[in-house]
Chemist: 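Below is the structure I would like to discuss, written out as structure tokens.
Below, chain A is the first sequence line, B the second, and so on; all start at residue 1.
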Number of protein chains: 2
Amino acid sequence: MGITERKERQRKEVRDSILTSAWQLVNEEGWQNLSIRKIADAIEYSVPVVYDHFENKEAILSEFNHRGFKLLGDRLKEAKEKHHKANLQLEALAYAYWDFAFENKEYYQLMYGLGMPTCESLSSVPELMAFIGVIHSTIEELLKESGNTTDIWLKVHSFWSTIHGLVSINLMSPPTNHMGMTNNEFNKTILKDFLKGFLKGLE
Amino acid sequence: MGITERKERQRKEVRDSILTSAWQLVNEEGWQNLSIRKIADAIEYSVPVVYDHFENKEAILSEFNHRGFKLLGDRLKEAKEKHHKANLQLEALAYAYWDFAFENKEYYQLMYGLGMPTCESLSSVPELMAFIGVIHSTIEELLKESGNTTDIWLKVHSFWSTIHGLVSINLMSPPTNHMGMTNNEFNKTILKDFLKGFLKGLE
DNA sequence: GTATTTTTCCTAACAGCGTTAGCAAAGGTA
DNA sequence: TACCTTTGCTAACGCTGTTAGGAAAAATAC
């Protein structure tokens, strides 16, 4: 009775072709322009067939979300295995993470909810410069005080990026408990730790 | 001839009420659920009137984007002015930035293009743990080697957040030139700088 | 081999979206 | 009062996610 097997196989084929077509569309037009109708068109089935395989559009994107984290995990593991000393491994992890993000922008944006339709590029916001300026002048003075000649903008961006990273990851995950703290408290501890190290780097 | 003045005043009133209603809707239902029709409903005008004041929906959200950065800048300035020593100022900046983000989530999400419709909360992605695990084990070993008793997870999150911050800010701004580098090169320099400091913090 | 049931898949619709064309009414001017 | 300009509406276009209901095809039973 290979009929049910064949049916299951065919079902899987359709499901796979949905994902393949969807991913192609995402790479061609960005995930914000993905639509069920376009997918249906690409797989040469009618729209409701898509809903036989995925509960809704979000379920399809969720699939890619998971694949993205899987892929990132694999890349990190590969990078780590190329070295034996832990400090070199950590360095390799950082670069592997970086490369993954830029070589798979669509994945990365999906994974972290980035790049929404109305998000303008930062450089087109004049108010940005005023706010960065406050940070800049503070760091400038600290560097001057200690005679440190490191590039100011490098430190400014480092300061900004780190806090933004902490904030945005915290904004995404609902408060869980870690060491008896909420996420928010935990990340504020990280912020403290970061500040200590950062200030030391300015001496 | 106060007629034109009155008309201009009334025009401004409508424009303001569009922004006020829009912001209220954003706070009630999130910016992803904002629609021109809802705004029109709230201001008790028909839909095309909205388009007499804003070219499109993006222009409305762009307004909030700018307001957000303006507000953040003001908060930072206030925080800074409460202290005189530059190191305390920098610390205050960090906490002010943090507080702004969490007290004005809608602004922050808008400003950085965060929280798109399909972005699931991180904790619901099992693959995440595998990828974090790779980082965890590496840092664990580094701490063990040097006998450092700092909490591992604190360092893991710090590592992750920092790189994510750098990546996501870089993904947003198109490559510009700073010190003869592209954004990407520049931020990779920051990454290097960060790694140096981070490794030192594990010793 | 025909009848029945199940599965597969489509058409058509609903309710919403951003956006715009075109017209009616109101307001201001001569 | 007659004209013109501004204002603001209705109604539509083309798109979106999603679903109800029925037709055709395939598998099963007799």
Chemist: If you check the A:Val47 side chain, which of C:dC9, C:dT20, D:dT19 turns out closest?
Modeler: D:dT19
Chemist: Out of D:dT16, D:dG8, D:dT19, which has the shortest distance to the side chain of A:Tyr51?
Modeler: D:dT19
Chemist: What is the nucleic acid contact for A:Leu34, judged by heavy atoms within less than 4.0 Å: base, sugar-phosphate only, or nothing?
Modeler: sugar-phosphate
Chemist: If you check the B:Lys7 side chain, which of D:dT6, D:dT10, C:dC10 turns out closest?
Modeler: D:dT6
Chemist: Tell me: CD1 of B:Ile39 to P of C:dG16, nearest whole Å?
Modeler: 17 Å
Chemist: Working to the nearest 0.5 Å, report the span between CG of A:Leu199 and CD1 of A:Ile139.
Modeler: 9.0 Å
Chemist: What's A:Ser35 touching, base or sugar-phosphate or nothing? Going by heavy atoms closer than 4.0 Å.
Modeler: sugar-phosphate
Chemist: Give the rounded distance in Å between these two atoms: CD of B:Gln10 and P of C:dA26.
Modeler: 16 Å
Chemist: Using side-chain contact (heavy atoms from CB on, under 4.5 Å), reason through A:Trp98 and B:Asn170 one step at a time and then give a plain yes or no.
Modeler: CA-CA 10 Å; A:Trp98 182 272; B:Asn170 201 316; 3.8 Å; yes
Chemist: Specify whether A:Tyr108 and A:Tyr97 have parallel, tilted or perpendicular ring planes, treating 30° as the upper limit for parallel and 60° as the lower limit for perpendicular.
Modeler: perpendicular
Chemist: What is the distance from CD of A:Glu44 to C1' of C:dC9, rounded to the nearest Å?
Modeler: 15 Å
Chemist: With the side chain of B:Ser46 defined as its heavy atoms from C-beta on, choose the nearest nucleotide among D:dG17, C:dC10, D:dG8.
Modeler: D:dG8
Chemist: Using whole Å, what does the distance between atom C1' of nucleotide D:dG8 and atom CD1 of B:Ile18 come to?
Modeler: 12 Å
Chemist: To the nearest Å, how far apart are A:Glu58 CD and D:dT18 C1'?
Modeler: 14 Å
Chemist: What's the closest nucleotide to the B:Ile36 side chain, out of C:dC9, C:dG18, D:dG17?
Modeler: C:dG18
Chemist: Please report whether the ring centroid of A:Trp23 lies less than 6.0 Å from that of A:Tyr107.
Modeler: yes
Chemist: What's the NZ-P distance between B:Lys57 and D:dC15, to the nearest Å?
Modeler: 18 Å
Chemist: What integer distance in Å separates A:Gln32:CD from D:dT16:P?
Modeler: 14 Å
Chemist: What is the distance, to the nearest angstrom, from the CG atom on A:Asp41 to the C1' atom on D:dT16?
Modeler: 14 Å
Chemist: Choosing from C:dC9, C:dA21, D:dG8, which nucleotide comes nearest the side chain of A:Tyr45?
Modeler: C:dC9
Chemist: In Å, rounded to the nearest 0.5 Å, how long is the span from CG of A:Asp74 to CZ of A:Phe69?
Modeler: 13.5 Å
Chemist: So, does the side chain of B:Arg37 form a donor-acceptor pair with the base of C:dG18 at under 3.5 Å?
Modeler: yes
Chemist: Of A:Pro48 and A:Asn33, whose nearest nucleotide on DNA chain D comes first from the 5' end?
Modeler: A:Asn33
